[in-house]
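Data first, discussion second: the structure below is written as structure tokens.
Side chains included, hydrogens not; waters and symmetry mates left out as well; all remaining heavy atoms used. The shown structure was predicted, so the numbers you read here are calculated from the model rather than taken from an experiment.
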Amino acid sequence: MAHLEEVEGLVLFSRQHRERDRLVKIFTDRYGKLMFFVRGTKRPNGKLTTAIQPFTSGTYIADVRPEGLNFLRDAKDLSTPTSMYTDIFKNAYTTYLLGLADAAMEDRVPNNRLLQELILGIKEMDEGTDPEIILNIFEVQLLTQFGVAPELRGCRVCGRTDGVFDYSSKYAGLLCPEHFHLDPRRFHASPKAIHFLRLFSVVSMERIGKIAVKEDTKRELRKVIDQLYDELVGIRLKSKKFIDNMYKWENVLKKPEQPSE
């Protein structure tokens, strides 16, 4: 007889399995990432149809097995970020964020702190906080989850923690101006981009507030983070390629700002 239990979780993705069923990966509080088998999802008014939508979080009643597939039976207290399904930009950023988190985590390894941060980050996106900034914060903080930890607290040579810095691949961390000469091939990033890189490595979603970053700094920061991922992580998800292409035509889709009176 199945042993049912309640777990808090966030749907990472859902895909069709055979004609009427689905496989759903959920990041749970007690068991980490688990794959669930869900029967009969072709019915539009099925009990679990909403519960297994990507980006949805809530309490799931499930038969959790020691290995292999698990079985989802019911769900309650659901939170569905509705704007993610109508805003192509939010959808793209969130899809990539959850794909990145999925790639960074091992199955069945709990990380409740990361789970709660992801749920809160998605809530912030849904309520209007800049989705690109939230994604950047997670990108920086997930580097540790991938097993790489560049030194972003201060200069790798002298330990200085204030002032202007640049990132050095050679030293796997920051250099202050006094030691720039040690790596002529450092990133040559703008001081503002490095400032936000350092800030994003320690900021909590609970304290994100209204971080405002100018567009030119965002572009520079995006370049720096991409360089870090290319050098330290080495993965390129399809959802990231979509975002890269999206930058080329996002201004076409965005509504022009109304002139101020």
Side-chain angles (χ1 to χ4, degrees), residues 1-87 90-127 129 131 134-135 137-138 141-142 145-146 204-206 237 239:
M1 184 175 179
H3 172 65
L4 300 183
E5 53 187 305
E6 294 186 358
V7 294
E8 183 179 354
L10 168 67
V11 177
L12 298 177
F13 70 81
S14 172
R15 67 169 180 257
Q16 195 69 37
H17 179 71
R18 298 174 183 165
E19 184 179 351
R20 297 179 177 275
D21 309 321
R22 295 193 78 82
L23 292 175
V24 184
K25 182 171 280 189
I26 300 178
F27 184 14
T28 72
D29 56 345
R30 293 165 54 193
Y31 299 102
K33 292 188 307 176
L34 295 174
M35 188 70 80
F36 291 88
F37 181 79
V38 185
R39 296 184 183 278
T41 57
K42 276 289 186 180
R43 297 190 299 272
N45 297 321
K47 191 187 320 186
L48 291 175
T49 300
T50 300
I52 62 174
Q53 291 296 312
F55 322 144
T56 298
S57 60
T59 301
Y60 293 87
I61 294 85
D63 175 11
V64 179
R65 307 290 177 90
E67 57 184 22
L69 285 177
N70 308 280
F71 297 85
L72 201 58
R73 306 301 188 191
D74 205 348
K76 61 182 182 180
D77 302 327
L78 299 175
S79 176
T80 303
T82 53
S83 69
M84 302 300 180
Y85 307 117
T86 58
D87 188 314
K90 289 183 181 181
N91 188 289
Y93 288 125
T94 311
T95 298
Y96 176 52
L97 168 59
L98 295 189
L100 201 62
D102 186 14
M105 296 183 291
E106 297 289 340
D107 289 347
R108 296 182 180 269
V109 178
N111 189 337
N112 194 44
R113 181 180 178 280
L114 177 57
L115 171 63
Q116 298 305 324
E117 290 277 287
L118 287 169
I119 291 174
L120 185 54
I122 291 173
K123 181 175 182 291
E124 288 285 341
M125 286 190 193
D126 189 41
E127 293 178 351
T129 303
I134 292 176
L135 172 60
I137 291 172
F138 277 108
Q141 296 189 6
L142 282 172
Q145 196 71 34
F146 276 110
S204 168
M205 280 297 136
E206 295 178 350
L237 302 179
S239 50

Checklist entry - Do you know which of Glu6, Arg113, Glu8 makes side chain to side chain contact (heavy atoms under 4.5 Å, CB included) with Asp29? => result Glu8
Item to check | Value rounded to 0.5 Å, distance of CG in Asp63 from CZ in Phe36 | outcome: 9.0 Å
Checklist outcome for this item: residues 96-106 vs salt bridge (charged side-chain N to carboxylate O under 4.0 Å, His left out), sequence neighbours excluded, gives Lys25-Asp102, Lys33-Asp102
Next on the checklist: Measuring from atom NZ of Lys123 to atom CG of Leu118, what distance do you get when rounded to the nearest 0.5 angstrom?
Outcome noted: 15.0 Å
Item to check | 4.5 Å side-chain heavy-atom contact, Leu98 and Leu10 | outcome: yes
Checklist outcome for this item: All heavy atoms of Leu48 vs all of Leu72, minimum pair found to be CD1-O, 3.8 Å
Item to check | Nearest non-hydrogen partners of Gly121 and Phe138, listed with the distance | outcome: CA-CE1, 4.2 Å
Checklist entry - Nearest heavy-atom pair of Leu115 and Phe27: which atoms, and what distance? => result CD1-O, 3.4 Å
Next on the checklist: Quick check: do Met205 and Ile134 have side-chain heavy atoms less than 4.5 Å from each other?
Outcome noted: yes
Item to check | N/O donor-acceptor pair under 3.5 Å between Arg39 side chain and Phe71 backbone | outcome: no
Checklist entry - Got a second to check how far Met125's CE is from Thr94's OG1, nearest 0.5 Å? => result 4.5 Å
Next on the checklist: Please give me the minimum heavy-atom distance between Ser14 and Pro54, naming the atom from each residue.
Outcome noted: N-CG, 4.5 Å
Item to check | Lys90 (side chain) donor-acceptor with Pro131 (main chain) under 3.5 angstrom | outcome: no
Checklist entry - Is a side-chain N or O of Asp77 found less than 3.5 angstrom from the main chain of Gly58, in a donor-acceptor match? => result no
Item to check | Asn91 side-chain N/O to Met84 backbone N/O, donor-acceptor pair under 3.5 Å | outcome: yes
Checklist entry - What is the distance from atom CD1 of Ile119 to atom CD of Glu124, rounded to the nearest 0.5 Å? => result 13.5 Å
Checklist entry - Hey, is the main chain of Gln141 close enough, under 3.5 Å, to the side chain of Gln145 for a donor-acceptor pair? => result no
Item to check | Nearest-0.5 Å distance, CE of residue Met105 to CG of residue Leu142 | outcome: 8.0 Å
Checklist entry - Hey, what's the ring geometry for Phe55 with Tyr85, parallel, tilted or perpendicular (30° and 60° as the breaks)? => result parallel
Checklist entry - How far apart are the C-alpha atoms of Thr56 and Thr80, what are their side-chain angles, what is the distance that settles it, and do they pass the side chain to side chain contact (heavy atoms under 4.5 Å, CB included) test? => result CA-CA 5 Å; Thr56 298; Thr80 303; 3.6 Å; yes
Checklist entry - What are the two closest non-hydrogen atoms of Tyr60 and Ala75, and how far apart are they? => result CD2-CB, 3.8 Å
Item to check | Shortest non-hydrogen separation from Arg65 to Asn70 and the atoms involved | outcome: N-OD1, 2.7 Å
Next on the checklist: Would you compute the distance between atom CE of Met35 and atom CZ of Arg108 and round it to the nearest 0.5 angstrom?
Outcome noted: 11.0 Å
